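What you see is a predicted model, and the numbers here were worked out from it, not measured in a lab.
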Amino acid sequence: MTALTLSTAAVAGLRADAIVIGVAKGSASKPGGPVVAPGAEAVVQAYDGNLAGVLETLGASGAEGEVTKLPAPAGFKAPLVLAVGLGAQPQKDSGYGAEALRRAAGAAARALSGTKKAAFALPLTDPADAGAVAEGVLLGAYSFDAYKDQGDAKNGKAPLAEAALLGGKPRDKAYKAAVERAVAVSEELNRARDLINTPPNDLNPEAFAAVAQAAAKEHGIKVQVLDEKALVKGGYGGILGVGAGSASGPRLVKLSYTSSKAKKHLALVGKGITYDSGGISLKPAGHNETMKCDMSGAAAVFAAVVAAARLGLEVNVTGWLALAENMPSGSATRPGDVLRMYSGKTVEVLNTDAEGRLVLADALWAASQEKPDAIVDVATLTGAMVLALGSRTFGIMANDDDFRAVVREAAEEAGEPAWPMPLPEHLRKGMESSTADIANMGERMGGGLVAGLFLREFVGEGITWAHLDIAGPAFNEGGPFGYTPKGGTGSAVRTLVRLAERAAAGELS
Ligand code: BES
Ligand code: MN
Ligand code: ZN
């Protein structure tokens with residue numbers, strides 16, 4: 001990953017390959033034309049005060065994510081200035097905001113792939129801004145080319161190797177802490193992206209569990225892996241039922257990070273379908289090409305637990321990874337089969353493609369046995385949520401209005417688009433089964449909410465719970481934007497970390 005430093009060096013004398021500056025859209029007093037953002041004063045001066053004019057000549061507008069390259073002015077050691085668009089200027093004195101900085105830094109870092117060292121002279125107002133730029137750089141520089149013989153690295157497009165952040169205070173504890181936090185969170189988030197992007201023939205449940213075990217060992221996290229035998233013994237009918245058709249057996253991984261100063265216990269549950277073919281209710285062509293991403297929830301939970309450990313948060317965080325591969329075969333669960341779940345409830349499987357809720361049900365019940373202060377599950381659960389909220393926003397459902405609001409705030413603070421969704425009671429009826437306690441399918445309309453209602457039945461009595469349906473934002477099928485690459489995005493990781501921080505501060509409700 002890109003190496004980061006906070007620097008007070010004067011920009012002209014900096015030995016770097018590029019200087020990154022911010023440019024915003026013109027204001028009412030200067031309509032149309034771009035405006036150079038604070039932090040780049042020395043650069044503006046070196047262009048004889050007319051950098052905005054030069055940028056305008058080059059066609060720059062300051063629009064979000066726009067990248068304009070220009071030769072550095074005479075006297076600069078760095079050869080290149082890269083102006084990155086920040087979008088609209090902020091209201092008076094409020095600063096550009098963490099998310100605008102994160103996105104701009106990400107777009108710039110991506111545009112600088114193949115470059116060794118860049119200095120970022122973006123408008124920082126406080127340590128949180130420095131943390132956001134650091135995250136943007138580390139997340140935006142990400143690339144996944146492990147499976148390409150002639151990958152980015154070999155084609156001279158290796159990720160930006162070094163970034164110096166200007167405008168912060170390297171000796172200030174708060175600035176240092178913000179950058180250290182950004183490094184820990186971004187490294188783990190990028191690792192989640194790697195897991196999501198790894199093809200399903202190389203990442204089956206057993207392989208995922210092994211990765212979790214190794215990381216747990218490295219970071220002093222307690223880990224327990226239930227293999228097929230242990231799952232049978234424990235009566236985990238949901239996880240076993242989903243994994244029954246695959247040659248690669250399912251796993252339930254429990255990661256326990258504990259702090260001696262913890263006052264709260266947060267449980268995180270992740271859907272980890274390493275490949276979702278749909279099972280006997282097979283998905284049609286066109287719907288299964290990206291289904292290696294169906295373990296994004298488990299990847300997010302895994303990353304968040306490791307990040308919490310690396311940050312030494314004063315909270316206990318237990319992560320549950322419900323891992324299975326959903327495949328059709330002679331041993332696969334059939335539509336019509338009834339599963340006895342870990343909770344003791346029976347489920348009639350009407351559609352084997354509604355498998356996520358089955359593995360989550362067992363993991364939610366397992367998590368409930370420890371009576372945590374709150375449980376949050378994360379899952380690429382329904383296409384319906386993608387229809388509702390699009391490809392960049394995840395839905396939040398909960399059995400507690402206050403907690404749903406807390407999760408939404410955590411997402412906002414993390415810079416992740418998220419939106420509260422209801423759990424309408426009338427939709428429960430559609431899941432009534434003539435054979436079992438409940439069916440795994442209900443009404444088609446509101447399918448994301450139906451799935452949420454199903455999960456709610458497997459949360460222990462009196463336990464606060466929220467469900468994040470990340471089916472939209474987990475995997476980016478379009479082009480890269482801001483700090484978001486193509487493919488696995490690491491959706492929900494930063495929200496979960498923020499939530500763990502809130503829990504450490506005693507702010508769960
Ligand atoms: N993994 C899918 C949901 C999904 C869809 C994730 C698109 C990412 C992008 C899930 O297991 C699924 O197949 N859900 C079904 C449920 C239905 C059969 C009740 C769906 O949404 O169609
Ligand atoms: Mn499915
Ligand atoms: Zn699925």
Side-chain angles (χ1 to χ4, degrees), residues 1-4 98-99 101-103 105-107 109-110 128 130-146 159-160 163 178-198 203 208 211-212 214-216 218-219 221 255 257 268 270-272 292-293 295-311 313 317 319 321 376 378-380 392 394 407 410-418 468 470 472-476 480-501:
M1 240 184 33
T2 315
L4 272 184
E99 181 59 6
L101 293 170
R102 198 181 279 114
R103 287 186 190 175
R110 187 153 28 75
V133 170
E135 278 181 13
V137 169
L138 298 173
L139 299 177
Y142 175 85
S143 90
F144 183 76
D145 68 351
L160 179 66
V179 171
E180 275 167 27
R181 176 189 184 277
V183 169
V185 173
S186 305
E187 272 179 6
E188 296 314 319
L189 193 152
N190 282 339
R191 176 152 56 176
R193 288 172 171 178
D194 281 346
L195 287 168
I196 298 164
N197 290 329
T198 299
L203 193 85
F208 194 152
V211 171
E218 187 185 338
H219 297 288
I221 298 164
L255 296 161
Y257 162 67
L268 307 175
K271 170 178 173 181
K292 66 176 181 181
C293 82
M295 34 56 74
S296 296
V301 165
F302 170 50
V305 176
V306 176
R310 286 181 59 170
L311 297 172
L313 299 185
V317 184
L321 318 181
V376 178
V378 187
T380 45
R392 294 192 185 181
F394 62 78
V407 175
E412 175 99 42
E413 288 161 359
E416 295 203 271
L468 314 185
I470 61 168
F475 198 82
N476 177 21
F481 58 94
Y483 52 85
T484 305
K486 240 180 122 61
T489 63
S491 175
V493 172
R494 289 178 294 133
T495 298
L496 295 182
V497 172
R498 193 63 209 108
L499 208 55
E501 287 172 337

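When the side chain to side chain contact (heavy atoms under 4.5 Å, CB included) test is applied to R103, the partners found at least two apart in sequence or on another chain are E64, E99, Y483. E187 is linked by a side chain to side chain contact (heavy atoms under 4.5 Å, CB included) to M1, V183, R310, counting only residues two or more places apart in sequence or in another chain. Judged as a side chain to side chain contact (heavy atoms under 4.5 Å, CB included), and not counting sequence neighbours, the contacts of F144 are Y142, A146, Y147, D194, N197, T198.
For the pair L203/K292, no side-chain contact is recorded, criterion being any heavy-atom separation below 4.5 Å from C-beta on. In this structure, R181 and E501 have side chains that are in contact, with non-hydrogen atoms separated by less than 4.5 Å. Side-chain atoms of V306 and E218, non-hydrogen and from C-beta on, never get closer than 4.5 Å to each other.
The two residues A212 and F302 make their nearest non-hydrogen contact at CA-CE1, 3.6 Å. Residues G140 and A109 approach most closely at C-CB, 4.3 Å, considering heavy atoms. Heavy atoms only, all atoms of each residue included: A182 and G131 are closest at CB-O, 3.5 Å. Residues A192 and A303 approach most closely at CB-CB, 4.0 Å, considering heavy atoms. In terms of heavy-atom proximity, L468 sits nearest to V407 at CD2-CG1, 3.7 Å. The minimum heavy-atom distance linking I196 with G490 is given by the pair CD1-N, 4.2 Å.
Interatomic distance, L139 CG to T484 OG1, rounded to the nearest 0.5 Å: 8.0 Å. With values rounded to the nearest 0.5 angstrom, R392 atom CZ is found 12.5 Å from S491 atom OG. Once rounded to the nearest 0.5 Å, the distance linking OG1 of T380 with NZ of K271 reads 4.0 Å. For the atom pair CG of L255 and CG of L321, the computed distance is 5.0 Å after rounding to the nearest 0.5 Å. One distance of note links CG of L311 with OH of Y257; it measures 8.5 Å at 0.5 Å rounding. Atoms CG and CD, from L496 and E188 in turn, are 13.0 Å apart once rounded to the nearest 0.5 Å.
With T489 contributing its side chain and P473 its backbone, the two residues share a donor-acceptor pair below 3.5 Å.
Comment: E416 does not engage R498 in a salt bridge, judged by the lack of any side-chain N to carboxylate O separation of less than 4.0 angstrom.
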